[in-house]
Peer 1: 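Submitted below is the structure of interest, expressed as structure tokens.
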Amino acid sequence: EVAYRAIAWCWLLWILRDTPWKGDLRAKLTASLEAHALHVERYLSTYYSPNTHLTGEALGLFYVGTVLPGSRHAPRWRTTGSAILETWLDRQVHPDGVYFEQASQYHRYTTEIYLHYKLLADSTGWEISDRVREVLGRLFDVLRSLVCGGGRIPLIGDDDGGLLLPLDHRPPDDVRALLLAGAVVLERPDLIFGVDAPPTLAYWLCGTEETDRMTRMISVSPGWRDMYFADGGVAILRDGWGPEDAIAVIDAGPHGALSCAHSH
């Protein structure tokens, strides 16, 4: 929670960077944001809940270290956050792209976390591994496969109803906007769900020009239909990619990692 609040404050400070601030309000916010990062760094969820808790905390450190370059802690926060995200990527995501806790909403969380990481790293010249793009693409493959005609994914496992950063007002199981953002970042029009995918999230994350360029491209359906993600044990049967086509999702995998915390 502390890391997610820090991320929201980073966006606030960046959006209002040229705004005249009253008194010492900006200095107070900056000092509090540093306190957020120091707290997150001290109490990392390495041993308790090393799942989206840990990767979300790592992303928070990477954000604060990026947005507060004047802080003496900033280089360490960026390095620490990046190292965790890189190290835990293959631990938390199966080779087929299914998130290791076997819960669709936490799969979405993880996709958002690594999407933000890639965008922030690319825009600031921070070098990330090729694995990030590769695994991020697989995470999106799973989401695209799970989507039904209404643009929503089934609620497999727990769902806390949260979003990493609520830049739009979509329900948490509606992944059309997230898929569009992924299509822009990964340059994959096959990820776009229909012509009515809400662009707000992609506008905020990727910019209006790149998003509009992607949405103007000819619609392309994924190069697969029925799919079995063997490592995660998720099977999808679908009649097609149209809004009226039927889809069946079968959770045939093991209970999720970490004492089956989020899987049912």
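The structure presented is a predicted model; accordingly, all values stated were derived computationally and were not measured. Every heavy atom of this structure was used, including side-chain atoms; hydrogens, water molecules and symmetry mates were not.
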Peer 1: Residues in ring-ring contact (aromatic ring centres under 6.0 Å, His included) with H73, at least two apart?
Peer 2: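 ring-ring contact (aromatic ring centres under 6.0 Å, His included) check on H73 returns W77.
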Peer 1: Is Y114 close to V135 at the side-chain level, that is, under 4.5 Å between some pair of heavy atoms?
Peer 2: no
Peer 1: Between D173 and D159, is any pair of side-chain heavy atoms under 4.5 Å apart?
Peer 2: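 Side chain of D173 against side chain of D159, heavy atoms only: no contact under 4.5 Å found.
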Peer 1: With no hydrogens and no angle check, just 3.5 Å: does a side-chain donor-acceptor pair link Y106 and Q92?
Peer 2: no
Peer 1: Between the main-chain N or O of R176 and the side-chain N or O of D174, is there a donor-acceptor pair closer than 3.5 Å?
Peer 2: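 Side chain of D174 to backbone of R176, a donor-acceptor pair under 3.5 Å: yes, one is there.
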Peer 1: Determine whether a donor-acceptor pair (N or O, by modelled atom type, separation under 3.5 Å) exists between the side chain of W241 and the backbone of W224.
Peer 2: yes
Peer 1: Output yes when a side-chain donor or acceptor of Q102 lies under 3.5 Å from a complementary backbone atom of G232, and no otherwise.
Peer 2: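 Yes; judged by distance alone, with no hydrogens or angles, the pair exists.
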Peer 1: Verify the distance criterion only: is there a donor paired with an acceptor across the side chains of Y117 and S82 at less than 3.5 Å?
Peer 2: yes
Peer 1: Scan for salt bridge (Lys or Arg N to Asp or Glu O under 4.0 Å) pairs involving residues 54-65, sequence neighbours excluded, and state none if there are none.
Peer 2: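 Matches after skipping sequence neighbours: none remain.
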Peer 1: Salt bridge (Lys or Arg N to Asp or Glu O under 4.0 Å): which pairs involve residues 66-80, sequence neighbours left out?
Peer 2: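 Found E41-R76.
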Peer 1: With R91, which residues qualify under salt bridge (Lys or Arg N to Asp or Glu O under 4.0 Å), at least two apart?
Peer 2: none
Peer 1: Is D226 reaching over with its side chain to a backbone N or O of R238, donor-acceptor style, under 3.5 angstrom?
Peer 2: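 Answer holds: yes.
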Peer 1: Taking the side chain as every heavy atom from C-beta outward, state whether M227 and V142 have any pair of such atoms under 4.5 Å apart.
Peer 2: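 No, every pair of side-chain atoms sits at 4.5 Å or beyond.
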Peer 1: Salt bridge (Lys or Arg N to Asp or Glu O under 4.0 Å): which pairs involve residues 178-194, sequence neighbours left out?
Peer 2: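 Applying salt bridge (Lys or Arg N to Asp or Glu O under 4.0 Å) to every pair that reaches into residues 178-194, excluding sequence neighbours, yields D141-R188, R188-D190.
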Peer 1: Mark yes or no for whether S123, through its side chain, and L120, through its backbone, hold a donor-acceptor pair below 3.5 Å.
Peer 2: yes
Peer 1: Do S104 side-chain atoms and P154 backbone N/O form a donor-acceptor pair below 3.5 Å?
Peer 2: yes
Peer 1: Any non-hydrogen side-chain atom of Y63 less than 4.5 Å from a side-chain atom of H116?
Peer 2: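 Yes, close enough: below the 4.5 Å cut-off.
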Peer 1: Below 4.5 Å, heavy atoms only, C-beta onward: do L85 and I128 meet side chain to side chain?
Peer 2: no
Peer 1: Under the rule for side chain to side chain contact (heavy atoms under 4.5 Å, CB included), what residues qualify as partners of S32, not counting sequence neighbours?
Peer 2: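 Expected list: W9, H36.
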Peer 1: Just grab all the salt bridge (Lys or Arg N to Asp or Glu O under 4.0 Å) pairs involving residues 106-132, residues at least two apart or on different chains.
Peer 2: D90-R131, R108-E112, E112-R170, K118-D122, R131-E134
Peer 1: Just wondering, do V67 and W11 contact through their side chains at under 4.5 Å, heavy atoms?
Peer 2: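 No, every pair of side-chain atoms sits at 4.5 Å or beyond.
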Peer 1: Determine whether L44 and L61 make a side-chain contact, defined as any pair of heavy atoms from C-beta on separated by less than 4.5 Å.
Peer 2: yes
Peer 1: Should the heavy atoms of other residues, nucleotides or ligands under 6.0 Å from CZ of R17 be counted, would the total exceed 12?
Peer 2: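 Correct, the count exceeds 12.
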Peer 1: Hey, does the side chain of H107 reach the backbone of V98 with a donor-acceptor pair shorter than 3.5 angstrom?
Peer 2: no
Peer 1: So D96 and Y228, do their side chains get closer than 4.5 Å, heavy atoms only?
Peer 2: no
Peer 1: Could you list who else is in V220's hydrophobic cluster, with ILVMFWY side chains joined at under 4.5 Å, directly or through other members?
Peer 2: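 Noted: V220 shares its cluster with no other residue.
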Peer 1: When the side chains of residues 191-209 are checked against the rest of the protein, which donor-acceptor pairs come out under 3.5 Å, sequence neighbours left out?
Peer 2:
unit_1: Y203; atom_1: OH; unit_2: D212; atom_2: OD1; d: 2.7

Peer 1: Okay, side chain of E34, backbone of S71: is any donor-acceptor separation there less than 3.5 Å?
Peer 2: no
Peer 1: Does anything in residues 119-178 pair up under ring-ring contact (aromatic ring centres under 6.0 Å, His included), and if so which pairs, sequence neighbours excluded?
Peer 2: F62-W126
Peer 1: For Y43, what residues pass the ring-ring contact (aromatic ring centres under 6.0 Å, His included) criterion, not counting sequence neighbours?
Peer 2: H39
Peer 1: Decide if atom CH2 of W21 counts as having more than 12 heavy atoms of other residues, nucleotides or ligands within a radius under 6.0 Å.
Peer 2: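 Yes, the 6.0 Å shell around CH2 holds more than 12 heavy atoms from other groups.
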Peer 1: Taking salt bridge (Lys or Arg N to Asp or Glu O under 4.0 Å) as the test, write out the residues that go with R144, two or more places apart.
Peer 2: none
